[in-house]
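Since we're looking at a predicted model, the values are computed, not measured. So that the names make sense, note that chain A is the first sequence line, chain B the second, and so on, each numbered from 1.
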Amino acid sequence: MGDKTKSRGFVRRVALDRGLNKVKEMVLELSGIAKEAVRLSIEALKEKSREKIEKVYELEKRSDVLNMDIEDECLTLAALQQPVARDLRFIASMMRISNNYERICDLAQKIAYIAEKTIDKPLLKPLIDVPRMGKLVIEMLEINEESIRTGDTSMLEMELKARDDEIDLLYSQTYNELVGYMVRIPHRIDDAIDLLFVAKHLERMGDLVAKSAARLVYIEEGRRVWIK
Amino acid sequence: MPKRPRRKLTKRLNGDRGFFTLALCFALAVTALFTLVLYELARGSRLSVAEAGASLLSAEWNPGHGRFGQLPFIYGTLVSSTLALGLALPLSLLSAVFLVEMCPRGIADLLSSVIELIAAIPSVVIGLWGIFVLAPVVRDYIQPALSKLSFIPLFSGRTMGLSMLTAVLVLALMITPIITSLSKEAIASVPAELKDGLYALGATRLEVMKYVVIPYAKRGILAAAVLGYARAIGETMAVTMVIGNTPVISASLLSPAYTLAAVIANEFVEATSEVYVSALVASGLILFIMSALVSLAGRALARGGVG
Amino acid sequence: MKIEVKELSAWYGSHQVLRSVSMGVRENMITAIIGPSGCGKTTLLRCLNRMHELVDGARVEGEVLLDGENIYDPSVDPVEVRRRIGMVFQKPNPFPHMSIFDNVAIGLKLAGVRDKRKLREVVEDCLKKAALWDEVKDKLDQPGGRLSGGQQQRLCIARALATSPEVLLFDEPTSALDPISAMRIENLMLSLKREYTIVIVTHNIQQAARVSDYTAFLYRGVLVEYGETAVMFKTPRHKLTEEYLTGRFG
């Protein structure tokens with residue numbers, strides 16, 4: 001987040017600022033990894049690309065490591081720099097956001113598993129809603145990234161709530177549609193269930209990004225919001 | 001980064017050595033001077049000691065008849081100085097306390113300047129004032145007032161104005177500035193945090209004076225008193241103009257008296273015989289030793305602790 | 001509220017140091033006053049026990065209520081105020097020419113207590129409260145100046161306790177001490193707050209965070225923010241407070 005505080009003084013806490021910026025960059029990197037993982041997992045499912053499945057696995061591993069690193073850096077700053085107020089909120093929130101994003105990568109990995117499992121079978125139905133949901137998740141991640149860079153959280157609640165709601169709607173639609181498929185084509189029930197899981201994972205991802213946005217608001221404004 | 005040239009650690013010639021030597025020389029010179037003065041005084045007194053012997057300590061000073069008893073002068077110097085200190089010390093102390101602690105800055109500075117001006121007045125001028133102003137006051141006002149108490153030996157007798165009392169008053173006036181100014185410094189140097197500490201416990205101004213300021217400043221005040229005393233002992237001109245210059249030892253304050261400094265100043269020019277001169281040098285030696293003792297006593301007291 | 005400060009302004013001569021400060025001090029709690037150098041926090045503290053006016057040219061306007069009574073009312077005796085509100089200073093200042101015993105007892109003696117037994121009782125009690133008794137009980141007649149810095153400060157605390165004050169004011173009590181002595185003093189304050197109301201001025205933000213329940217932030221004589229310490233250190237309301245707490249301050 002941009003440093004909105006006008007520098008009234010001449011003393012800057014160099015070590016702390018450096019550390020905070022490092023955490024910011026690492027979280028942005030993790031956000032990038034999550035976006036990539038979401039995109040590739042859905043494409044892998046659609047295109048039945050083994051290459052893309054492998055890539056997703058790799059990204060998930062990286063996200064694990066990066067999450068640990070972020071936590072480590074935050075703890076070091078807490079121990080050495082005695083952060084208070086915004087700095088403290090920043091460190092606590094970034095640790096949680098990092099966890100959330102790592103979780104998103106886990107969910108993308110799960111989608112990749114399903115892609116791998118069904119790689120030799122034809123798709124049950126053309127994927128329309130699922131990619132749409134994935135696109136929304138990626139959009140939400142990008143809006144968060146922008147907010148992290150600029151420190152502007154004014155539109156966050158609105159923007160993310162709208163998309164999260166849309167994801168929920170799409171999930172409902174997909175759910176009903178798939179139930180229909182299960183009734184009409186019972187021998188492909190497991191495929192339907194797999195697709196349902198994929199939709200569920202994406203719905204969960206939407207929640208995680210929304211939660212993370214709430215944390216960003218907490219950093220900047222000190223108040224707790226719920227974005228559902 | 002360019003390497004800095006290494007500098008040698010060996011000793012070098014600098015000004016310290018030379019300064020040390022110079023300062024040492026001056027210190028030794030001063031000590032030598034002191035010893036020289038002492039020696040010369042002793043040498044000069046030898047004649048009178050040889051001729052008059054123990055009678056030098058008698059109470060009779062009658063050079064015409066060969067009597068050179070120093071006692072009247074020793075008495076005169078000690079009594080006049082001690083009484084002057086007794087009078088000046090409380091006054092000076094109170095003034096010092098007032099000026100430092102209670103007086104508004106502007107007025108305090110003004111009063112301090114006035115007090116210091118007194119110290120600047122030449123002693124002969126004070127002596128003149130003593131003769132023409134103070135002596136008549138003693139004669140015309142103080143004496144009649146004291147005559148009611150004349151059954152007390154201290155206040156018995158009559159005077160034309162030139163008396164021990166007048167000298168005591170004059171000396172008190174002369175040593176007050178120095179005692180006041182040094183006491184002020186001692187009092188002002190009491191750390192504010194110490195005073196604050198007692199104020200914070202719920203002390204009045206007087207209590208802070210009593211429990212913190214005076215005990216802490218004791219050493220400095222003592223030093224001031226000693227300095228004032230030494231000044232009084234050595235004061236010549238003003239004293240000799242008002243004390244009456246009569247070598248008697250009397251219990252009465254109204255009686256005239258004589259001090260070591262006064263007798264030297266007065267009678268040196270008319271000292272007819274060598275013994276006479278030697279006796280006066282002996283007076284000088286006694287005065288010298290007295291001053292030295294007062295100084296040493298002062299240092300011992302000052303070092304002896306705050307009490 | 002044990003103490004209520006109402007529109008308090010203070011001057012040194014023509015230089016105004018406090019501007020209309022209003023705040024409360026809660027009973028049996030520790031209230032910290034923080035702010036950059038020269039913000040007036042020590043002056044504010046000294047106004048609470050009428051020590052500010054001891055300086056030549058000092059002036060005060062406004063009210064300070066102790067249990068509802070204005071201590072600046074003309075009918076109030078400042079000496080009485082200072083008995084009920086004690087103070088511990090930045091540099092430990094025991095009276096060097098008095099024994100340890102006398103140092104603690106002097107407050108009582110000033111209040112008129114002469115009974116030797118009562119004095120001994122109170123001195124022991126206060127030294128125990130100040131966690132100093134065990135270290136000095138065998139040398140009570142030694143001069144007060146010979147203890148270590150931390151011990152001297154505890155002696156000053158015992159001294160302040162002797163007059164049974166209701167409020168204790170601490171002016172940067174540990175800034176001249178080593179970290180371990182400082183920690184002992186902090187622990188002492190935490191235990192004292194059960195019986196006394198405490199106000200501490202400190203330039204050490206972490207100290208304020210560690211010991212205080214409420215914090216007041218002063219900047220250039222103005223009270224910028226006042227609130228629960230836990231809240232202020234997580235979510236300060238004012239930008240200035242935020243800047244000061246996070247150390248991005250000149």
* Asked: Hey, are C:R46 and B:D196 close enough for a salt bridge, meaning a charged N less than 4.0 Å from a carboxylate O?
  -> yes
* Asked: Looking at C:K91, C:M51, C:M87, which one has more heavy-atom pairs under 4.5 Å with chain B than the rest?
  -> C:M51
* Top residue by heavy-atom pair count (under 4.5 Å) with chain B, among C:L54, C:D56, C:T163, C:D102? -> C:L54
* Under 6.0 Å from the CD atom of C:E69, do we count more than 12 heavy atoms belonging to anything else shown? -> no
Check: [Y] and [X] side chains under 4.5 Å, non-hydrogen atoms:
{"X": "B:L201", "Y": "C:R83", "result": "no"}
{"X": "B:Y199", "Y": "C:R82", "result": "yes"}
{"X": "B:L198", "Y": "C:L110", "result": "yes"}

* Structure fact -> The reported gap from OH in B:Y216 to CE in C:M98 (rounded to nearest 0.5 angstrom) is 13.0 Å
* CD1/C:I106 to CD/B:E207 distance, rounded to the nearest 0.5 angstrom? -> 8.0 Å
* Structure fact -> C:F89 and B:G197 have their tightest heavy-atom pair at CE1-CA, 3.9 Å
Check whether [X] gets within reach of chain B through its side chain, its backbone, both or neither, counting any heavy atom under 4.5 Å.
{"X": "C:P96", "value": "side chain"}
{"X": "C:L108", "value": "neither"}
{"X": "C:K109", "value": "neither"}

* Give, as side chain, backbone, both or neither, the part of B:R105 having an atom under 4.5 angstrom from any heavy atom of chain C. => both
* B:L194 backbone acceptor or donor facing C:N93 side chain under 3.5 Å -> no
